[in-house]
Structures are given as structure tokens and as C-alpha cells.
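Please read the structure below before turning to the comments.
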Amino acid sequence: LGGNITFIGVPAEENCAGSVDNFNRLKAEGIIECQGGKAEFIRQGVMDDIDLTVGHHTVAKDNPTDPDLILCNSSSMGFIEKYITYTGISQHPAFASKSIDALSAATLAMHAVDQQREALNRWPKPMNFILHGYILNGGTASNVISNHVEMDYNIRGTTTQDMLEIGYR
């Protein structure tokens, strides 16, 4: 076989911009379009003249101060990023009856997803997906009922069809 070997380090697989705000800014400026580093490299043409790729993941050993890494070579999953915003009506808790708590809605949704996880693991192809997320912004103070909550969820799957089926269940 003829050819050249090129080593390319790809920035963060998920959220290659580092944060949602940074991603939104870079996307608005036309600098990036894709959430994932590999997808963004493909979009920008970095891989256009490459005929064969061998991908590896590096994982730090259990001890975070140990500089040694473990090289992994196994199948991977793609992902769909979901940003969710809950909007409520903010009030001091003394006036809770006049509020709508966006944080309560968001945590209820997170618990609902967690409760569905057991059922999803019995889905026709168990463990071909991962569904996980976190609250980016949950409010401004402990004595203010939240009127704006943002969440970031990843739907991972071994195939595009798996991701779409879980994403729209």
C-alpha cells in the first residue's frame, strides 16, 4: 500500500467549542457549525484527502495526577445534542402562588428521563444508546423562584437510526 501517515488530534468530540455560550457565539460568527470536533473537521474539509482513518480514544488512568494514558480502540457512538429551555414566572418564594417554577419543570423532566432509562434499556437493541444531560443554568438565587432554566442533553447511539428513535420517543 502506498500513502502517507498523518496524525490529527481532534478537539473535543462533544461541544468542541467548550461551552454552549461559546458554541452559539462561534456559530453566529460563522466559524463553526457542528457540535462535535470530528463532524466539524469533516465539514471544514480537513479529512478530504484522507483515504483511511483509524480512530483512537485516549483515557486518563484512574489516578488523575498520573500522566500515563490508556489508548482505546473500539466502536463508538455518535450523538445528537439537545438544548432545552424552560421559561417560568419568577417570584420571591413568599409569593410562590403567583410564580411558575422553571427549575421544578426541568428537574421533573430529568427525573422522567431517568425513570424511562430502565424501560429504554429493554428496548429492542439494549445498550445501543446513552441518554444523559445536565442543567446549564438553574436560576439566579436560592430565594428566587427560577424563571429561566437551560438544559443540555446528549442522545448517543451506535447508528443514526438508534439516535433518532430514542430522540423522538
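Note that the numbering runs from 1 along the sequence shown for the chain.
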Derivation of the side-chain contact (heavy atoms from CB on, under 4.5 Å) call for Arg156 and His132:
CA-CA 9 Å; Arg156 294 177 171 273; His132 56 94; 3.2 Å; yes

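Across all their heavy atoms, Met163 and Ile155 have their closest contact at O-CG2, 3.6 Å. Heavy atoms only, all atoms of each residue included: His148 and Thr85 are closest at CE1-CG2, 3.4 Å. Residues Tyr153 and Met110 come closest through the heavy atom pair OH-CG, 3.4 Å. Gly139 approaches Ser146 most closely through the heavy-atom pair CA-OG, 3.5 Å. Between Val46 and Ile50 the shortest heavy-atom distance is O-CD1, 4.3 Å.
Distance CD1/Ile135 to OH/Tyr86: 9.0 Å, rounded to 0.5 Å. Here the NE2 atom belonging to His92 is positioned 11.5 Å from the OG atom belonging to Ser99, to the nearest 0.5 angstrom. Distance check, rounded to the nearest 0.5 Å: CG of Asp152 to CD of Glu81 gives 4.0 Å. Distance CG/Asn137 to CD/Glu150: 5.0 Å, rounded to 0.5 Å. Taken to the nearest 0.5 Å, the CZ atom of Phe95 stands 15.0 Å off from the CD1 atom of Ile89.
A chain of hydrophobic side-chain contacts below 4.5 Å, direct or via other Ile, Leu, Val, Met, Phe, Trp or Tyr residues, connects Val113 to Leu103.
For Asn4, the CG atom counts as loosely surrounded, since its 6.0 Å shell holds 12 or fewer non-hydrogen atoms of other residues, nucleotides or ligands. Shown here is Asp51, whose CG atom has no more than 12 heavy atoms of other residues, nucleotides or ligands within 6.0 Å.
Asn154 is not listed as a side-chain neighbour of Leu131, based on a closest heavy-atom distance of 4.5 Å or more.
In summary, of the residues considered (Thr107, Asn147, Val149, Ile145), a side chain to side chain contact (heavy atoms under 4.5 Å, CB included) with Asp101 occurs for Ile145 alone.
Residues satisfying the salt bridge (charged side-chain N to carboxylate O under 4.0 Å, His left out) criterion with Arg43, sequence neighbours excluded, are Glu33, Glu40.
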